[in-house]
Protein chains: 2
Amino acid sequence: MSTAHSARARARIEVTAAIKDEARRQLAAEGAAKLSLRAVARELGMVSSALYRYFPSRDDLLTALIIDAYDALGEAAEAVRDNATQPVERWIAVCEAVRAWSLAHPHEYALIYGSPVPGYTAPDTTVQPAARVGLVLIGIVRDAIRGPGVTFPPLPAELRPEAERLAADIAPDLPPEVSPALAAAWAQLFGLVGFELFGQFNRVVEDRESFFRHAAGQLARGVGLR
Amino acid sequence: MSTAHSARARARIEVTAAIKDEARRQLAAEGAAKLSLRAVARELGMVSSALYRYFPSRDDLLTALIIDAYDALGEAAEAVRDNATQPVERWIAVCEAVRAWSLAHPHEYALIYGSPVPGYTAPDTTVQPAARVGLVLIGIVRDAIRGPGVTFPPLPAELRPEAERLAADIAPDLPPEVSPALAAAWAQLFGLVGFELFGQFNRVVEDRESFFRHAAGQLARGVGLR
DNA sequence: CAAAAAAGAGAGCACTGCTCTTGCAATGGA
DNA sequence: TCCATTGCAAGAGCAGTGCTCTCTTTTTTG
């Protein structure tokens, strides 16, 4: 009887997961550049060539890890989204969740928001998971704007077309005035996290928690939350 | 006759420069991870072991390139600092210079603001050149604040100690209220640049110039410039 | 001019990603 | 049930890497 889930298919899933787990371990321990297919195979008691049955190249393994990292980060953001009721508090909570996940998984963060790996261009499979954090932030603003009397200053004329296109693309139910600020805040959030993570704040910012919380609050104000 | 600049010493300087130039070429062409000592040596017509007389390891070569990159970026920022008179215009000009340099030297940007290289920790020699852009931004705010009537909203109590320590460290002549915003804007600037450079804005932000200019203007407002 | 320091050349080690061939075992149709 | 097909593992091998030796040559220095 041929189930689509034969013993062999189940084994394949398990081995694939084991490879990713071991790769993630090495990634966390040494960073992406030292992630070696041979070392992963060795640790798993298989020969290196066997690993190529599961991932046709090192880059494919990295891509799998990248997708997982985006998903994990997105999940961390979504998990705290509804912990607060006030929009500003929700925004800050999400920012702090992003920071906390990143500090806990620095090498995975570097994989997705650090330098793109050598000559490597992210395949389309990564764009959807990559958007999750952004969608959470958009959602918070959307919910807040249902409330009364949230207005935005007019944009400079040169930016209006871009703002309207942007709004149509990423948040059709949001006023175009807020879309550039939202995209900017999204990028700036990762500027803050990246600087802390990659040591740029060493000998500069000491009380990281207070600093970040305040900066995240300012980002919230920048997208119109009060 | 022993000049401190013997023929050998001059040759050493030249060869060192040639190595860095070739390394920079490979860096620009292929990225840091594919920068190979052997390839550099090959291209220069020397054997790989000879190169170790100049740079004791690959990481030392990278460190030299990192310092040069910080200096080049800092110089680009300083070069435009005095092009405008209005503080906001000066701020925006510096931000745009940072962006322009980064877009023109993506791999060097990745070297200094992307993921730290494998197990590599930046030596102290890099901290001074790394600060140049930040100092330019601080200077703009300092100059602007000499002007009349620039005030800042009070900080939350939990942030006051950090703000005062920060102000004392990086800008003793600036009011503590502005120091956290300045540090945040500094990081956020590189968030914007990094997102554009590393493809995070693909299919999101189209009119990058207008978007960036507007975002940089908002950063300026965030540090009190009008 | 001789001793010392600096530089280059080449072999070699241990490692990497990846390919190819070979042998074995599970699968699924006749 | 038999047997061809398929999936997987193993091993050898290629070209490349960083880095360390030793040996020779060249330049500088006392």
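Everything numeric in this text was worked out from a predicted model, so none of it was measured. Every chain is numbered from 1, with letters handed out A, B, ... down the list of sequences.
- In this structure, a donor-acceptor pair under 3.5 Å is absent between the side chains of Thr63(A) and Asp60(A).
- A straight line from CZ of Arg58(A) to P of dA15(D) spans 22 Å, rounded to a whole angstrom.
- Counted within 6.0 Å of CD on Gln128(B), heavy atoms from surrounding residues, nucleotides or ligands total 12 or fewer; the atom is thus considered open.
- Contact check for Arg208(B) versus Phe201(B): side-chain heavy atoms found under the 4.5 Å cut-off.
- In this structure, Ser36(A) and Tyr54(B) both approach DNA chain C, and ranking their closest nucleotides by distance from the 5' end singles out Tyr54(B).
- In this structure the side chain of Tyr54(A) never reaches within 4.5 angstrom of the side chain of Leu61(A), judged on heavy atoms.
- Note: Trp186(A) and Phe195(B) meet the aromatic proximity criterion, with ring centroids under 6.0 Å apart.
- Contact check on Arg99(B) versus Glu96(B) returns no salt bridge, with no Lys/Arg side-chain nitrogen under 4.0 Å from an Asp/Glu carboxylate oxygen.
- Put simply, CG on Leu44(B) is 10 Å from P on dG8(C), counting in whole angstrom units.
- Salt bridge status for Arg90(B) with Asp82(B): present, with a side-chain N to carboxylate O gap under 4.0 Å.
- The distance from atom CG of Leu35(A) to atom C1' of dC15(C) is 15 Å, rounded to the nearest whole Å.
- The CG atom of Asp60(B) sits 11 Å away from the P atom of dT20(D) (whole-angstrom rounding).
- Each end of the helix from dC1(C)-dG30(D) to dA30(C)-dT1(D) yields a helix axis from five base pairs, and these two axes differ in direction by 0° (to the nearest 10 degrees).
- The CZ atom of Arg10(B) sits 13 Å away from the P atom of dT27(D) (whole-angstrom rounding).
- The distance from atom NZ of Lys34(B) to atom C1' of dG17(C) is 11 Å, rounded to the nearest whole Å.
- The distance from atom CZ of Arg12(A) to atom P of dT27(C) is 14 Å, rounded to the nearest whole Å.
- Salt bridge Arg165(B)/Glu162(B): present, at least one basic N to carboxylate O contact under 4.0 Å.
- The distance from atom CE of Met46(B) to atom C1' of dA9(C) is 12 Å, rounded to the nearest whole Å.
- Within a 6.0 Å sphere centred on CZ of Arg203(A), heavy atoms belonging to other residues, nucleotides or ligands number 12 at most.
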* Classify every nucleotide of nucleotides 19-25 of chain C by which part a protein heavy atom approaches to under 4.0 Å, writing B for the base, S for the sugar-phosphate alone and - for neither, in 5'-to-3' order. => BB-----
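- Listed nucleotides: dC18(C), dA9(D), dG16(D). Nearest to the side chain of Arg42(B): dG16(D).
- A donor-acceptor contact under 3.5 Å is formed by the side chain of Arg38(B) with the base of dG18(D).
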